[in-house]
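Okay, so here's the structure we're looking at.
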Amino acid sequence: MESKRKEDYLLFLEHVTMRFGGLVAVDDFYNGVRPGELLGLIGPNGAGKTTVFNVITGIYTPTSGRVYFRGMDITGLKPHVITHLGISRTFQNIRLFYNLTVLENVLVAQHHSITNKDADKFLEKHGFEKKGFGSMWLGKAILKTPGYMKLEKDMLKEAEELLEKVELLEYKNELASSLPYGMQRKLEIARALATDPQLILLDEPAAGMNPQETEELMRFITRIRDEFNVTVLLIEHDMKVVMGICERIIVLDYGKIIAEGTASEVQSNPKVIEAYLGEWEHVS
Amino acid sequence: MERRLKTSTKVYLTLGLIALSILLLYVASKTLDTYAIRILRLIAVFGVMAVSYTFINGITGLFSLGHAGFVAIGAYTSALLTMSPMQKEMSYILEPLIWPLNVIQTDFFTATLAAGVMAALFAFLIGYPSLRLTGDYLAIATLGFSEIIRIMALNMQSVTNGALGLKGLPEYSNIWWTWGWLFITVVVITSLTYSSFGRALKAIRDDAIAAEAMGINVFKHQLMAFVISGFFAGVGGSLYAHLLTTIDPRPTTIGVMLTFYLLIMIVLGGLGSITGAIIGAALFAILSEWLRFVEGTMHIGKWTIHGIPGMRMVIFSLLFIITMLVWRRGIMGMEELTWDKLYNWILRLRPRRKEG
Amino acid sequence: MSREELMLEVEDLHVYYGAIHALKGISLKVPKGAIITLIGANGAGKTTTLTTIAGLVKARSGRIKFMGEDITNKPPHTVTQMGIAMVPEGRRIFPNLTVYENLMMGAYTRKDREGIQEDLEWVFQLFPRLKERLTQLGGTLSGGEQQMLAISRALMSRPKLLMMDEPSLGLAPLLVMEVFDVIKKINGEGTTILLVEQNAMGALKTAHYGYVLETGKIVLEGPTDELLQNEEVKKAYLGVA
Amino acid sequence: MSGTIFLQNLFNGLTLGGLYALIAIGYTMVYGILRLINFAHGDVLMIGAYLAFYGVTLMSMPWYISVVVAILGSAGLGFLIDRVAYKPLRESPRISALITAIGMSFFLESFAVVVFGGIPKSFLSITPRFLKKVVVVFGARIQVLTFFALATTVALLALLLWIVYKTKIGMAMRAIATDIPTTALMGANIDNIIGFTFALGSALAGAGGIIWAMRYPQINPYMGFMPGLKAFIAAVFGGIGSIQGAMLGGFILGMMEIMIVGFFPQLAGYRDVFAFVILILILMFKPTGIMGKKLTVKV
């Protein structure tokens, strides 16, 4: 593989390896996401895709290797800090806050910006600006000070604007659990966007969708990339989705990167075909 | 379609309700007999405890079984502050009360505040290690802590007066103090629940992993909720001690039984609802008085039915199990009774009247 | 294949997981004595089809008939007792039971000591390795050995229909070959097989008839030699437009 | 501490530990399968003791028959509790079952108050006379009951291990503890196996309750609460889900309780605190216990 400079990447995984006991789930991952791109991470079941996500978002600390984001070494930081720094995600099995309304789901995603002091310190240390709507002291919320009321109002305004952009505003007072499946997926992406990320990680967004829903989702993902100015990293096993929208694709098999390139490059790669169709022909 | 009232209308309605409540409480305090007034006071005291308990168990979704421990801390703290030095000297027969507790005496309000602060401090000390646990392990660890507190109360003769307990406390918890504190508790807990902080807590309840992924420092939020809940449990303890006028370390007074009673209240009322917690507390206080008839002797016509002592708790526990099995949302579910809901409810009633 | 005697018949099966419509009207037929395969990408609904037949997942609507009897939404132990065994995805060996006990769990519903002994011998013939490891705990076996055990365990109930969910998953290439060989051998002894596979090539070369699933629907079916030539099959896997 | 007193303490510790072990097994087996803390388990112990008591006093059965009936009754009660209160909640959030379990415990206690009365009853009258005799072993005066209790406990534990490791249903119990759906695929009726597990654990708890009542010869409706809680702690200590762990944890906990008080009599009042301190330390530093395996949570 050609040599890579981590400075060219928004997110870079430098020789990241993740072991669970004897199992090597991710094996020496050396690649990253370039600013503004729509990158696909694909591979058969059990190839280690979700593990890569969990390493990036801080759920796991890699066994070896470092993770860089906007030039900051974020290896081993807590998930909530990483979100504050600008990486947001969705989950393979949708994880909405089902007893909250659509609007509240989005509002919750803004909450970190008023409470996450540790992460703010980390940002300032690296010469970035703090983010958010100001700080929040619980006393202000109890006494409902003008400052606090303004804060709530600002958050509400922004949340509603976001919901309008993703065409969910009319459902804002519905419980998240009452939405149909496709809409729940959309809300989960909207919620991830509400954390104000630079990079958004989508874990199999098309899972469980029918072809029309999938088509719509593909358009939606391309649209939010441009409209919200975010970089997108996408896991998918539905090759059609990835082939349709991703500019660059990384193929993972047994934890190793086996191919990288555009859709057509990847599709004609014999290693990829073998990984997906099985190794029968190869041995016989 | 849901209709909403204007915010200003709601403010007036709320102020009106408060005024009406004050008036009603005033009338009650003048006209009702002491027995009925005692029940009213009990409702408010249970209300404070249940609301603070549901803040943890219902809203933050942490299943704690240690609430009685915080109540105990509050009760003892406040009792030690309101008793006069002379009274203390007379009560502590086996070992004298340690300095400076033997000479301090404060007013009831200060004592109650101190009770809350002390309980909050303990909540922090207990929460810090145990909130790393989840689910049933958290339940059992908090239960363990509350039992430790109770056993300490039983053994620290020179602080708590051991098994003898503290007797003859001034009966400060009148209607105004109890309902006043219930008001404060509800205002504070409600404001928090409906703030950005409260939303974060509810998000944690629904899915802690997703909440963490949304940038919420889950542990810190849970710990804050735990401490706030501990504060009001302590306040409840202070009120409780000065309602009973006695406090001792029996399981039924400040031990596991009390936690179970509180659990019954918030489960019946609807786990996760503040209004539900108050309704649950009121039901528990009223029913446990009203159900006394099943324990006393009854005369129906010619027959005399002998009551069975303890029957009340059998009924409560059955009610509790049945709630869990067939009606898990309880009276309020996770909903609150709001002006908007009442308004819509009345709107829905009206056309029916026209038809009839 | 209408004239052949049917062992299993699935009609218009619909399954939901919460809000997800996982199976959208699956219909398929398994004739007696055949190897039938379901192939398709991940999340297409293959595993759900098997677990619904086995009774682990409840169907919203549709019908499953086994040997002429309606078994829709019957509890799993009843389905097993009627003669359907399953090799679950990921093998699901009981890690804290010995190899022998794992096999005996397979024969849980049986009372005929001699029959069990006979089948045990048969299983040892198929997989001599298991005999050497009889007293070892299931959890200490290698991936390939666990797969052998999972298949043997299912055979111990002497099933009429054996359902296998991704038996080749996670195995080294040579072992994959072996597994497909064993499937043919078991079928040769008279057991009907319903095989779910991600390894489409292997599955199609082993089975007689195949169904291709895509997002909860059957998009293609036919004799396997036809499917092997089909461009659609390639498309289902690689998204080649 | 003199040698004879140490010997006395040793026997007391073993007996108490054995009782904890008997009760802990019920917790650990149920938790292993359903991940449920069966709060009502301690109360089964209490019911067991009462059944034995009334068997002798009301039904005038010989004590050994009354004991067997009481153990069977406890087993039946355990089975019934599962069917009525827990089985309907199998698909619900785990916390619902836990709350119901608390309710069940509360119900059994208040039920006992109503039916048996709240005033403690003396168990001495029904304890057979030969058990009350005292023998001298190396200078230490020890009741025959102590040996009897210890021997019975060990015999019951051995019987349990035999059931779990040598019988078909025991095999199914071990299988179900790691994988419920796959066990169902084997053709085993899940509900029956779970019911059997409850019955088996409850039988041991009932037996434990009777021995407890003979050693601390007073029975009351709340007698099961503390031993139940401590036995649960023993189960966590030993590694929840592991039967041998529960036995080991029970013996260690019992021995520790007796020995700490033996060596530091001034701590006697805090006797009930030790277990909780251990619980919290264990949960903090080694939540898997001595012999437990890690229960993984999937993200």
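Computation of the quantities below employed the complete heavy-atom set of this structure, encompassing side-chain atoms and omitting hydrogens, waters and symmetry-equivalent molecules. The sequence lines fix the lettering, A, B, ..., with proteins before strands; numbering per chain opens at 1.
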If you define the side chain from C-beta out and look only at heavy atoms, does anything of D/L283 sit under 4.5 Å from B/L138?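 No; the side chains remain at least 4.5 Å from each other.
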Side chain to side chain, B/E147 and D/D272, heavy atoms closer than 4.5 Å: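 No; the side chains remain at least 4.5 Å from each other.
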Contact part of [X] toward chain D, heavy-atom cut-off under 4.5 Å: side chain, backbone, both or neither?
X      : value
B/M152 : both
B/L154 : neither
B/I315 : neither
B/R328 : side chain
B/V326 : neither
B/L271 : side chain

Heavy-atom count around [X] [atom1] within 6.0 Å, excluding the residue itself: above 12?
X      : atom1 : answer
D/L58  : CG    : yes
D/M255 : CE    : yes
D/F111 : CZ    : no
D/Y216 : OH    : yes
B/M156 : CE    : no

For D/L98, is it the side chain, the backbone, both or neither that has a heavy atom under 4.5 Å from a heavy atom of chain B?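 Only the side chain of D/L98 comes within 4.5 Å of chain B.
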Which atoms of D/V115 come close to chain B, meaning under 4.5 Å heavy atom to heavy atom: side chain ones, backbone ones, both, or neither?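 Neither part.
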Under the criterion side-chain contact (heavy atoms from CB on, under 4.5 Å), I'd like the reasoning laid out for D/I240 against B/Y137: C-alpha separation, chi angles, the key distance, then a yes or no. CA-CA 11 Å; D/I240 194 107; B/Y137 279 106; 2.9 Å; yes
Quick check for you: among D/I99, D/L279, D/L229, which has the greatest number of heavy-atom pairs under 4.5 Å with chain B?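 Of D/I99, D/L279, D/L229, D/I99 has the most heavy-atom pairs under 4.5 Å with chain B.
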Closer than 3.5 angstrom, by distance alone: can the side chain of B/N155 be matched with the main-chain N or O of D/G269 as a donor-acceptor pair?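 Yes.
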Can you check side-chain contact (heavy atoms from CB on, under 4.5 Å) on B/L65 and D/F39, steps first, answer last? CA-CA 12 Å; B/L65 287 179; D/F39 260 91; 3.7 Å; yes
Grab the two heavy atoms, one from [X] and one from [Y], that are nearest each other, plus how far apart they are.
X      : Y      : result
B/D136 : D/R35  : OD2-O, 3.3 Å
B/A141 : D/I280 : O-CD1, 4.2 Å
B/G310 : D/V113 : CA-CG1, 4.2 Å
D/F107 : B/V314 : CE1-CG1, 3.8 Å
D/T100 : B/M324 : OG1-CB, 3.4 Å
D/G103 : B/S317 : O-CB, 4.0 Å

For chain D, find which of B/I148, B/L263, B/T323 contributes the most heavy-atom pairs closer than 4.5 angstrom.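 The residue among B/I148, B/L263, B/T323 with the greatest pair count is B/I148.
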Mind ranking B/T134, B/L319, B/I151, B/V267 by heavy-atom pairs under 4.5 Å with chain D and telling me who comes out on top?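 Maximum pair count with chain D is reached by B/I151.
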Within this structure, what is the [atom1]-[atom2] distance for the pair [X] and [Y], rounded to the nearest 0.5 Å?
X      : Y      : atom1 : atom2 : answer
D/S96  : B/L325 : OG    : CG    : 10.0 Å
D/F276 : B/R150 : CZ    : CZ    : 8.5 Å
B/F260 : D/E109 : CZ    : CD    : 7.0 Å

Before giving the answer on side-chain contact (heavy atoms from CB on, under 4.5 Å), spell out for B/M257 and D/Y222 the whole-Å C-alpha distance, their side-chain angles and the decisive distance to 0.1 Å. CA-CA 11 Å; B/M257 277 302 175; D/Y222 300 102; 3.3 Å; yes
